[in-house]
Amino acid sequence: MTLSRRKFLVKGSLSLAGTMLLSNQLFAAQTAGAAMVGIQLYSVRDEMKADPLGTLKQLAAMGYKNVEHANYVDRKFYGYSATEFRKVLDDLGLKMPSGHTVMADKHWDNAAKDFSDSWKETVEDAAVCGQKYVISPWLDENLRKNYDDLLGFLDIFNKSGELCQKSGMKFGYHNHDFEFKYSLNGKKIYDIILEHTDPKLVIQQMDIGNMYGAGGRALDILKKHPGRFESMHVKDEIKSAAKGEMDSEYESTILGKGILPVKQIVDLFKKSGGTTEFIIEQESYQGKTPLECSKEDLKIMKSWGY
């Protein structure tokens, strides 16, 4: 099995803005209130590694209009500079409303009370690419060992939100499963994250599949935190023949083919979750190719009215 999303992110976490501000504001105005469907490019990670341009062309031909990156290394997206990647997307009629880049403790200088140059560059490059959201999809274990450490870093989340706002964007957080497995001071980590991040500065991107094996249920969370989820990773889950993606018994599958009430979740989050961005992600394929699955997933979302 290919490198899991979790291992990919943990490994990754170890390893102009002003000129784009008007563009981002116009993009936000055009899409405010509209449900945008996109694809997380981790769904086609091997294809993006081998041939990013060719893969993006195939996704655009399927009808995708929005993508979300999962590869930003040394100021390059899939080997392209921010300016180059923006041109690639523009030429294909694609937009990139959001992207995943892990924000770690190395990105904050506690003595200077400021972000590192590398994190500032992350935000700058996201703005060049026309992103609305800069999303951190991981929280290193050393930052959540105890309650006070977690609250301290959540304050950095809010500060990152302030930094992103200066470029017309928002900072966001994307869950995995540990947020629902573990508690601190009698509260699930996910509840702590939502309670101690400012909704005006930090959006939540809920991955409805990652949480499932750890007991997280999207509809239950929506009841506790209505209006907090501007973005969603749309997934379905089935029992895995081996160990699944979150080291659980589940793995992702074609939308509508698994055990999650995906359409019900998507519809309710659009209605009362504040969700406007629905991003398809499938990491396991049950014998089909990732591109075949991507095409089928989009067809199903369209059949649901998205």
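Basis for what follows: all heavy atoms, side chains included, without hydrogens, waters or symmetry-related copies.
Lys235 has its side chain out of reach of Leu260: every pair of non-hydrogen atoms, C-beta onward, lies at least 4.5 Å apart.
For Phe178 and Trp138, the ring centers sit closer than 6.0 Å to each other. The six-membered or imidazole ring of Tyr173 lies near that of Phe157, with a centre-to-centre distance under 6.0 Å.
Applying the ring-ring contact (aromatic ring centres under 6.0 Å, His included) test to Phe77 and every residue at least two apart in sequence or in another chain returns His69, Tyr72, Phe85.
A salt bridge links Lys120 to Asp114: one of the charged nitrogens lies within less than 4.0 Å of a carboxylate oxygen. Ionic pairing of Asp109 and Lys113 is not present here: no N-O contact between side-chain nitrogen and carboxylate oxygen is shorter than 4.0 angstrom. Between Glu249 and Lys243, none of the side-chain N atoms (NZ, or NE/NH1/NH2) sits under 4.0 Å from a carboxylate O, so this pair counts as no salt bridge. Ion pairing between Glu251 and Lys239 fails under the 4.0 Å rule for side-chain N and carboxylate O. Electrostatic pairing of Asp177 and Lys181 counts as a salt bridge here, judged by a charged N lying under 4.0 Å from a carboxylate O. Contact check on Arg86 versus Asp90 returns a salt bridge, with a Lys/Arg side-chain nitrogen under 4.0 Å from an Asp/Glu carboxylate oxygen. Ion pairing between a basic and an acidic side chain is recognised when a charged N comes within 4.0 Å of a carboxylate O; Lys257 and Asp236 show no such pairing.
Lys170 and Ile203 make their closest contact through CD-CG2, 3.5 Å (heavy atoms, listed as atom of the first residue, atom of the second, distance). Nearest heavy atoms, Thr101 versus Trp119: O-CH2, 3.7 Å. In this structure, Asp207 and Asn175 approach most closely via the heavy-atom pair N-OD1, 2.7 Å. Between His233 and Glu281, the shortest heavy-atom contact is ND1-OE1, 2.8 Å.
Under the 3.5 Å distance criterion, the side-chain polar atoms of Arg228 are matched with a main-chain donor or acceptor of Leu194. Looking at Ser167, its side chain never comes within 3.5 Å of a backbone N or O of Met169 through a donor-acceptor pair. Put simply, the side chain of Tyr64 never gets that close to the backbone of Gln58: no donor and acceptor are under 3.5 Å apart. In this structure, Arg144 contributes its side chain and Glu179 its backbone to no donor-acceptor pair below 3.5 Å. With hydrogens and angles disregarded, a donor-acceptor distance shorter than 3.5 Å links the side chain of Gln282 to the backbone of Ser284.
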- Message: Is there a side chain to side chain contact (heavy atoms under 4.5 Å, CB included) between Gln205 and Met232? Walk through the geometry before answering.
- Response: CA-CA 5 Å; Gln205 182 183 74; Met232 174 190 290; 5.8 Å; no
- Go through the steps for Lys271 and Asp267 under the test salt bridge (Lys or Arg N to Asp or Glu O under 4.0 Å), then give the verdict. CA-CA 6 Å; Lys271 180 180 179 181; Asp267 288 345; over 6 Å; no
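By the 6.0 Å and 45° rule, Arg217 stacks over the aromatic ring of Tyr212.
For the atom pair CD1 of Ile39 and NZ of Lys295, the computed distance is 13.0 Å after rounding to the nearest 0.5 Å.
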